[in-house]
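The structure under discussion appears below in the form of structure tokens.
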Amino acid sequence: MKIAVSATELTVDGACAFVPTMGALHAGHASLIKKAREYSDRVVVSIFINPLQFENKDDLAKYPRTPEFDIELAASAGATDLWLPNVDEIYPGEVTKISAGALGDIYEGVKRPGHFDGVLTVVNRLFGLVKPTWAIFGEKDFQQITLIKSMKSDVQIIGAPTVRDADGLALSSRNVRVSDRNAALVIYQALRAAANEKSIDGARSVMAEVLSSEGSFTLDYAEIINENNFEKAQQSDANKRAIIAGWVNGIRLIDNMPMNGGAQ
Ligand code: PAF
């Protein structure tokens with residue numbers, strides 16, 4: 001695996017699959033890299049902690065950084081190029097932000113104003129420098145991948161399912177900071193309970209009930225949406241998805257699950 005600091009050092013000169021990350025890689029990222037290898041023998045992984053998407057500077061400062069481990073993981077998962085750009089390469093001059101529009105202002109966007117503008121701006125910039133044919137994103141950040149798919153671009157956006165620990169906790173770089181795992185697991189338990197309900201009202205109420213049973217969990221939102229437009233789902237909608245965000249000991253966690261089995 002080639003390690004590049006500037007995009008000009010990347011070995012890619014034809015089609016490639018791209019996995020943009022902010023580092024602190026885990027098995028979820030490994031699954032994205034493996035998926036990328038299904039599309040191309042050239043897989044570029046970037047690690048760039050994008051300041052534009054952190055509305056909270058403390059969160060940016062505390063974002064985990066594990067460079068040695070990341071190199072090992074990217075190589076063993078099948079990356080051919082690991083790109084570690086610096087801020088000057090990504091944002092060489094004044095930054096013109098891409099607006100995420102109305103979908104950027106709801107759910108994640110309520111507590112994180114400007115977050116998705118920052119995500120779209122960096123993804124657009126990364127795409128411009130790598131020029132991939134495909135880019136792989138995890139469905140754990142479902143609002144993020146939905147917005148990236150709606151962004152004007154020639155890159156084919158591929159979604160990859162959420163990877164979970166054996167107990168159900170969705171893998172996230174933030175998990176290393178979670179001290180009360182049982183409290184964090186309430187999110188998965190609520191999603192499972194909702195997915196097993198036949199009626200959408202039942203799904204909403206069981207989700208709220210499970211979440212409120214955990215005193216150390218502070219809810220931001222829990223909803224069942226129509227995943228095509230993020231509106232509150234109706235019983236008759238085909239593609240329903242439960243989405244949850246909240247806090248455990250000062251750590252913000254999000255997760256989601258398609259309502260395939262229940263609430264149909
Ligand atoms: O999901 C992430 O890790 C980031 O939001 C992304 C897509 C790499 C943009 O910085």
Side-chain angles (χ1 to χ4, degrees), residues 4 7 10 16-33 35-36 43-57 59-67 69-70 73-74 77 79 81-91 95 97-100 103-104 107-109 111-132 134-151 153 155-163 170-177 243 245 251-256:
L10 295 171
C16 78
F18 181 37
V19 182
T21 82
M22 297 203 298
L25 302 187
H26 50 65
H29 295 106
S31 80
L32 302 182
I33 297 167
K35 176 132 210 119
V43 171
V44 178
V45 174
S46 65
I47 296 181
F48 178 67
I49 303 180
N50 174 32
L52 244 55
Q53 70 190 75
F54 287 85
E55 62 297 334
N56 176 337
K57 294 301 157 212
D59 205 18
L60 172 61
K62 286 189 180 150
Y63 201 83
R65 289 155 170 88
T66 56
F69 182 81
D70 292 352
L73 185 141
D81 292 73
L82 181 65
W83 177 37
L84 310 164
N86 56 42
V87 179
D88 293 340
E89 183 174 20
I90 303 298
Y91 302 124
V95 183
K97 283 195 192 170
I98 296 183
S99 167
L103 181 52
Y107 297 116
E108 284 305 285
K111 287 284 164 67
R112 312 192 63 188
H115 167 71
F116 287 120
D117 295 353
V119 170
L120 294 190
T121 304
V122 79
V123 168
N124 181 57
R125 182 74 187 134
L126 295 168
F127 283 1
L129 289 163
V130 177
K131 299 183 179 54
W134 305 272
I136 324 293
F137 294 87
E139 286 175 357
K140 178 174 164 292
D141 295 300
F142 195 72
Q143 196 172 352
Q144 168 173 281
I145 189 174
T146 304
L147 279 161
I148 291 169
K149 279 181 179 166
S150 71
M151 189 173 81
S153 148
V155 180
Q156 286 180 50
I157 309 300
I158 314 292
T162 302
V163 178
L171 296 193
S172 161
S173 306
R174 290 167 196 260
N175 289 358
V176 289
R177 292 163 60 204
I243 56 172
I251 310 301
R252 194 164 186 285
L253 299 170
I254 65 172
D255 199 354
N256 66 82

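Counting convention: from 1, in listed order, for ligands and their atoms alike.
- Atoms of ligand 1 lying under 4.0 Å from any heavy atom of Phe137, numbered from 1 in the order shown and given with element: 7 (C).
- Under the side chain to side chain contact (heavy atoms under 4.5 Å, CB included) rule, Ser172 has a single partner from Arg177, Lys140, Arg252, which is Lys140.
- Checked by atom type and distance alone, the side chain of Glu55 never pairs as donor or acceptor with a backbone atom of Gly114 at under 3.5 Å.
- Looking at Thr21 next to ligand 1, no N or O pair under 3.5 Å apart turns up.
- Between Ala77 and Ile33, the shortest heavy-atom contact is O-CG2, 3.6 Å.
- Of all protein heavy atoms, the one lying nearest to atom 4 (C) of ligand 1 is Gln53 NE2, 3.6 Å.
- Taking every non-hydrogen atom of Gln144 and a distance limit under 4.0 Å, the qualifying atoms of ligand 1 come out as 1 (O), 2 (C), 4 (C), 5 (O), 7 (C).
- Between Phe54 and Tyr63, the ring planes are perpendicular. Angles over 60° get that label, and only those under 30° would be called parallel.
- At a heavy-atom distance under 4.0 Å, no atom of Ile148 approaches ligand 1.
- A donor-acceptor pair under 3.5 Å links the side-chain atoms of Asn50 to the main chain of Gly118, judged by distance alone.
- Here is the list of ligand 1 atoms found below 4.0 Å of a heavy atom in Val122: 9 (C), 10 (O).
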